[in-house]
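The next block holds one structure in the form of structure tokens; read it before the comments.
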Amino acid sequence: TDEDFPPQLESIDGAPAALFVVGDSSLLLRPQVAVVGARRASAAGLANARSFAGALASAGLVVTSGLAEGIDGEAHCAALANAAPTVAVMGTGPDRVYPRVHRELATRIAGEGVVLSEFPPGTEARAEHFPQRNRIISGLALGTVVIEAGLRSGSLITARLAGEQGREVFAVPGSPLDPRAKGTNDLIRQGAALCEGPEDVLRALEGLRGFREPDRGGFAGGPAQEPDDALRRQVAALLSPTPVSRDEIVR
């Protein structure tokens with residue numbers, strides 16, 4: 001119920017009751033894009049993560065990811081290298097960094113961006129927490145970019161959740177001979193946007209860039225737009241995976 005609780009999370013399935021935040025919580029109200037992918041990423045995958053995250057951050061989007069090794073960590077580092085904030089969504093309490101190799105990175109993110117978790121301080125890493133936190137990564141963002149993912153990758157969970165939440169899903173294609181590309185290629189087969197460079201993401205999100213602004217108020221606009229904002233959230237809450245007629249929404 002706090003004013004700085006991200007409104008884009010309010011309407012997702014299983015919305016978190018609260019978030020534990022270290023850093024500047026106002027950044028959660030800015031337009032975000034999630035960049036996720038394989039933990040054991042290839043050199044090409046890591047280069048793509050740097051390229052995408054750096055360009056998206058330079059364009060004014062907040063890069064959001066899960067602080068995992070591989071693509072996630074590289075995306076966070078690329079945003080920071082461009083003097084831009086980044087958001088790390090934890091599968092532990094905000095005071096318990098996992099993996100441990102990213103302790104220093106988490107400290108930097110807390111100082112220049114946001115580290116957050118739905119799990120209270122003191123919560124240790126548990127396997128089931130990480131798929132659970134993925135709905136927050138996708139829910140915070142306008143779209144999710146998947147860079148390398150095996151067929152059983154947790155990044156595919158994030159992509160599926162993004163689609164269910166009505167967010168954009170982008171997949172970077174890879175060689176059919178590389179098992180780390182099978183998940184992303186399969187996403188494209190299922191309808192995700194084929195994404196060869198950050199400009200593809202920026203072009204697709206251009207019409208949504210005003211979706212969230214740094215100031216509170218939900219959608220872009222001043223006080224006169226606030227009734228509109230509340231109405232849009234009501235309409236969004238009525239939408240579901242099964243068709244809903246306009247007449248039903250009006251009623």
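Bear in mind that the values here come from a model prediction, so they are computed numbers and not experimental data.
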Q: I would like to know whether Thr64 and Thr144 meet side-chain contact (heavy atoms from CB on, under 4.5 Å); could you show each step before the answer?
A: CA-CA 9 Å; Thr64 298; Thr144 293; over 6 Å; no
Q.
Set out, in order, the CA-CA distance, both residues' side-chain angles and the distance that settles side-chain contact (heavy atoms from CB on, under 4.5 Å) for Ile157 and Arg160, then state yes or no.
A. CA-CA 5 Å; Ile157 298 174; Arg160 174 179 59 79; 3.9 Å; yes
Q. Passes side-chain contact (heavy atoms from CB on, under 4.5 Å), Glu112 versus Leu80? Steps please.
A. CA-CA 8 Å; Glu112 302 176 45; Leu80 294 171; 3.7 Å; yes
(Q) Show, in sequence, the C-alpha distance, side-chain angles and deciding distance for Gln8 and Gln32, and conclude whether the side-chain contact (heavy atoms from CB on, under 4.5 Å) test is met. (A) CA-CA 11 Å; Gln8 62 270 39; Gln32 298 172 54; 3.6 Å; yes
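Between the side chain of Arg30 and the main chain of Leu27, no donor-acceptor pair closer than 3.5 Å is present. Side-chain atoms of Asp186 never come within 3.5 Å of backbone atoms of Leu151 as a donor-acceptor pair (strictly under, hydrogens ignored). The main-chain N or O of Ala47 is never found under 3.5 Å from a side-chain atom of Ser51 such that the two would form a donor-acceptor pair. The closest donor-acceptor contact from the side chain of Gln165 to the backbone of Arg135 lies under 3.5 Å. Remark: the backbone N or O of Thr92 is paired with a side-chain donor or acceptor of Ser117 at under 3.5 angstrom. Looking only at distances, a side-chain donor or acceptor of Asn185 sits under 3.5 Å from a matching main-chain atom of Gly174. Distance alone, capped at 3.5 Å, is enough to place a donor-acceptor pair between the Arg167 side chain and the Gly139 backbone.
The one candidate from Thr107, Val101, Ile109 that meets the side-chain contact (heavy atoms from CB on, under 4.5 Å) condition with Leu105 is Ile109.
In Glu248, the CD atom is crowded: over 12 heavy atoms of neighbouring residues, nucleotides or ligands sit closer than 6.0 Å. Environment of CZ in Arg133: crowded, with over 12 heavy atoms of neighbouring residues, nucleotides or ligands closer than 6.0 Å.
Remark: Leu202 CG to Leu56 CG distance equals 5.0 Å, nearest 0.5 Å. Here the CZ atom belonging to Phe170 is positioned 12.0 Å from the CD1 atom belonging to Ile188, to the nearest 0.5 angstrom. To the nearest 0.5 angstrom, His129 atom NE2 is 6.5 Å from Thr123 atom OG1. Taken to the nearest 0.5 Å, the CD1 atom of Ile147 stands 9.5 Å off from the CG atom of Leu46. Interatomic distance, Leu28 CG to Ile136 CD1, rounded to the nearest 0.5 Å: 10.5 Å. Taken from OG in Ser155 to CZ in Arg180, the straight-line distance is 13.5 Å, to the nearest 0.5 Å.
Grouping the Ile, Leu, Val, Met, Phe, Trp and Tyr side chains by contacts below 4.5 angstrom, directly or via other members, places Val35 apart from Val169. Val146 and Ile137 fall within a single hydrophobic cluster, where Ile, Leu, Val, Met, Phe, Trp and Tyr side chains are chained together by heavy-atom contacts under 4.5 Å. In this structure, Leu116 is not a member of the same hydrophobic cluster as Val97, with clusters built from ILVMFWY side-chain heavy atoms closer than 4.5 Å. Hydrophobic clustering (side-chain heavy atoms under 4.5 Å, transitive across Ile, Leu, Val, Met, Phe, Trp, Tyr) keeps Phe119 apart from Phe5. Val114 and Phe20 end up in different hydrophobic clusters when Ile, Leu, Val, Met, Phe, Trp and Tyr side chains are linked at under 4.5 Å.
The heavy-atom pair separating Asp72 from Ser65 by the smallest distance is CG-OG, 3.0 Å. Taking both residues in full, the closest heavy atoms of Ala49 and Glu74 are given as CB-CB, 3.9 Å, listed atom of the first, atom of the second, then distance. When all heavy atoms of Pro85 and Ala79 are compared, the pair lying nearest together is O-CB, 4.1 Å. Across Ala192 and Ala171, no two heavy atoms sit closer than the pair CB-CB, 4.3 Å. The shortest non-hydrogen separation linking Cys195 to Val201 is SG-CG2, 3.4 Å. Closest non-hydrogen pair, Val87 versus His76, comes out as O-CE1, 3.1 Å.
Contact annotation: the side chain of Val63 never approaches that of Leu61 to less than 4.5 Å [non-hydrogen atoms, C-beta and beyond]. In this structure, the side chains of Pro6 and Leu19 come closer than 4.5 Å at one or more pairs of heavy atoms. Side-chain atoms of Ile12 and Leu9, non-hydrogen and from C-beta on, do get closer than 4.5 Å to each other.
With salt bridges taken as basic N to acidic carboxylate O contacts below 4.0 Å, none links Arg203 and Glu199. Taking 4.0 Å as the cut-off between side-chain N and carboxylate O, Glu69 and Arg39 do not count as a salt-bridged pair.
Checked against side-chain contact (heavy atoms from CB on, under 4.5 Å), Ala110 has the following partners two or more places apart in sequence or in another chain: Val22, Val115.
Between Phe130 and Tyr98, a ring centre-to-centre spacing shorter than 6.0 Å is recorded.
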